[in-house]
Structures are given as structure tokens and as C-alpha cells.
Participant: 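Sharing a structure with you now.
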Amino acid sequence: MANHSVSPNTHQFRLEAHNPPLYTIITSRNIQKGEEITVTYGDLDNSLLWFMFGFHIDGNPYNQAGIPWTQLVEFMLKEKFICPLVIRALSANPLNPVVYAKTNGTISDEFRQNVQLLLMSADRISGCSPASQEQLEIRATFAIDRVLRRFRASVLEKADIVNSELKFLWQDDLRSIDAALRTL
């Protein structure tokens with residue numbers, strides 16, 4: 001087999017059902033004698049690499065901190081961006097169950113969309129006039145900042161109970177959250 005790399009020297013890897021199995025690997029450049037042949041297992045963050053394959057990559061550009069929907073809602077309630085009525089009103093809406101802060105300093109589109117939906121629902125329920133797109137963006141950015149800061153504190157609280165072998169997971173989450181906070 002070939003090892004994973006975020007910058008592989010191959011561009012195609014295929015397993016064909018033969019007896020024994022036939023692996024086809026096509027290189028993307030000339031490979032020197034003795035150089036390791038690498039493939040990509042996908043644009044996976046360290047938590048997936050660890051749980052699926054048993055390794056992680058320092059400085060993995062695909063790391064991201066996943067914030068479950070329930071925690072997003074809990075943090076927005078605590079920050080008083082929404083009230084419990086908003087949650088009941090949204091119970092039938094299909095929302096993304098996990099939103100992400102990424103190591104490259106971005107947040108997933110779904111993160112911003114979920115926050116905006118919660119804010120618009122809060123406005124509607126409270127009888128406020130609908131916000132302009134610009135006002136909604138400003139409020140959403142502020143709410144995202146507060147949510148990320150709460151999530152960061154939550155990760156740090158749990159850090160002490162994490163097995164030292166898995167310490168990189170919460171450290172990766174912190175790096176992703178901090179990168180996203182720097183870009184807000």
C-alpha cells in the first residue's frame with residue numbers, strides 16, 4: 001500500500017477486484033529511486049485520519065473544529081441572541097447538524113447560514129422589522145465571534161480529561177477556532 005500525503009506524488013489510486021487485488025497508481029510527476037510513493041486518502045482533518053487510519057498530521061491544512069448544532073443553539077441562548085421560542089419555531093426546519101471553524105481561518109457557509117437563520121427567526125418571533133442584509137451580516141459576525149469564544153472555552157475545559165495520546169485533537173480544534181476568530 002501507499003501512505004497518505006496532503007501533497008501526494010500520485011493523482012489516481014484505484015483498487016480493482018482481482019485475485020489477488022490489483023492496485024493501480026498513476027504518478028503526477030517523476031519519482032526518484034527510493035522516494036516514497038504517496039496517495040491522498042482525501043481532504044480529511046486529523047480527527048478523521050486518527051479514527052479511520054490511526055495517524056494524524058502536524059499542521060494538517062484540513063483541520064476543522066466541528067461545533068454540533070445543539071451546542072451552537074445552547075451558546076446562542078446563553079449569549080441572549082435567541083430565546084427558547086426560536087428553537088420551538090425551528091423544530092421543523094432542516095438545519096446542518098455540525099458547523100465548522102477551519103484551520104485556514106474560515107468558517108463553513110453552513111455555520112453563517114445557521115446563525116443568520118436563528119437571528120432572523122428571533123427577529124420574526126419578537127416582532128422586530130426584518131434586518132437588512134448588511135445588518136444581518138454584522139449581527140451574524142458578532143454572534144459567531146461570541147459562539148466561537150464559548151466553544152473555545154468549552155474545549156479548554158475538557159482538555160484536562162483527554163487522553164494524552166489524543167491531545168492533538170483538542171489542540172487542532174483550538175487552532176481552527178483561533179484562526180477563524182482572527183478573520184472575523
Side-chain angles (χ1 to χ4, degrees), residues 42-52 56-184:
D43 298 344
L44 305 175
D45 69 4
N46 277 341
S47 61
L48 289 174
L49 288 173
W50 180 259
F51 293 112
M52 292 169 62
H56 72 279
I57 300 169
D58 291 335
N60 184 343
Y62 301 109
N63 282 338
Q64 54 191 6
I67 304 172
W69 165 249
T70 53
Q71 225 167 3
L72 172 64
V73 170
E74 176 189 330
F75 293 157
M76 289 193 68
L77 281 167
K78 285 181 180 176
E79 290 288 332
K80 300 189 180 352
F81 288 115
I82 60 173
C83 66
L85 286 175
V86 172
I87 308 311
R88 285 190 284 259
L90 290 175
S91 61
N93 283 344
L95 297 167
N96 296 291
V98 179
V99 293
Y100 297 98
K102 301 180 180 186
T103 301
N104 66 5
T106 64
I107 58 169
S108 62
D109 291 338
E110 294 84 4
F111 193 162
R112 185 168 293 280
Q113 290 163 1
N114 281 354
V115 169
Q116 288 175 337
L117 178 64
L118 287 166
L119 292 172
M120 289 185 304
S121 297
D123 288 349
R124 189 177 62 251
I125 287 170
S126 67
C128 291
S129 300
S132 69
Q133 188 60 39
E134 183 180 346
Q135 291 168 327
L136 185 60
E137 283 293 322
I138 292 168
R139 288 175 56 215
T141 298
F142 181 71
I144 289 166
D145 178 87
R146 300 304 309 152
V147 165
L148 287 175
R149 290 180 191 286
R150 278 198 180 262
F151 187 61
R152 187 181 197 292
S154 174
V155 169
L156 281 173
E157 282 176 21
K158 295 177 179 142
D160 292 337
I161 61 171
V162 174
N163 178 321
S164 62
E165 188 175 306
L166 301 177
K167 186 177 180 179
F168 70 90
L169 290 173
W170 67 262
Q171 290 174 331
D172 288 345
D173 278 357
L174 289 179
R175 280 190 282 276
S176 297
I177 293 165
D178 290 344
L181 283 169
R182 283 191 297 274
T183 63
L184 288 177

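Everything quoted here is computed from the prediction, not taken from an experiment. Residue indices begin at 1 and follow the sequence shown.
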Participant: Taking all non-hydrogen atoms of both residues into account, name the closest pair between S176 and A101 and its distance.
Facilitator: CB-O, 3.3 Å
Participant: Looking at every non-hydrogen atom in both residues, tell me the closest pair between T103 and Q64 and how far apart they are.
Facilitator: OG1-N, 4.2 Å
Participant: Could you check whether D123 pairs with R139 (Lys NZ or Arg NE/NH1/NH2 to Asp/Glu carboxylate O, under 4.0 Å)?
Facilitator: yes
Participant: Which atom names give the shortest non-hydrogen contact between N46 and N63, and what distance separates them?
Facilitator: N-OD1, 2.8 Å
Participant: Does the plane of the ring in F168 sit parallel, tilted or perpendicular to the ring in H56? Use 30° and 60° as the thresholds.
Facilitator: parallel
Participant: Nearest heavy-atom pair of L119 and A143: which atoms, and what distance?
Facilitator: CD1-CB, 4.5 Å
Participant: For D145, which residues count as a salt bridge (charged side-chain N to carboxylate O under 4.0 Å, His left out) partner, sequence neighbours excluded?
Facilitator: R149
Participant: Can you give me the closest heavy-atom contact between D45 and Y62, atom names plus distance?
Facilitator: CB-O, 3.1 Å
Participant: Ring pair (Phe, Tyr, Trp, His ring centres under 6.0 Å) with F142: which residues, sequence neighbours excluded?
Facilitator: F81
Participant: Could you tell me which non-hydrogen atom of D178 sits nearest to which non-hydrogen atom of R152, and how far apart they are?
Facilitator: OD1-NE, 2.5 Å
Participant: When rounded to the nearest 0.5 angstrom, what distance separates CD1 in I107 from CD1 in I144?
Facilitator: 3.5 Å
Participant: Evaluate side-chain contact (heavy atoms from CB on, under 4.5 Å) for L148 paired with I67, printing each intermediate quantity in order.
Facilitator: CA-CA 9 Å; L148 287 175; I67 304 172; 3.7 Å; yes
Participant: Among residues at least two apart in sequence or on other chains, which ones pass side-chain contact (heavy atoms from CB on, under 4.5 Å) with S132?
Facilitator: E134, Q135
Participant: Rounded to the nearest 0.5 Å, what separation is found between the CD atom of Q116 and the OG1 atom of T141?
Facilitator: 8.0 Å
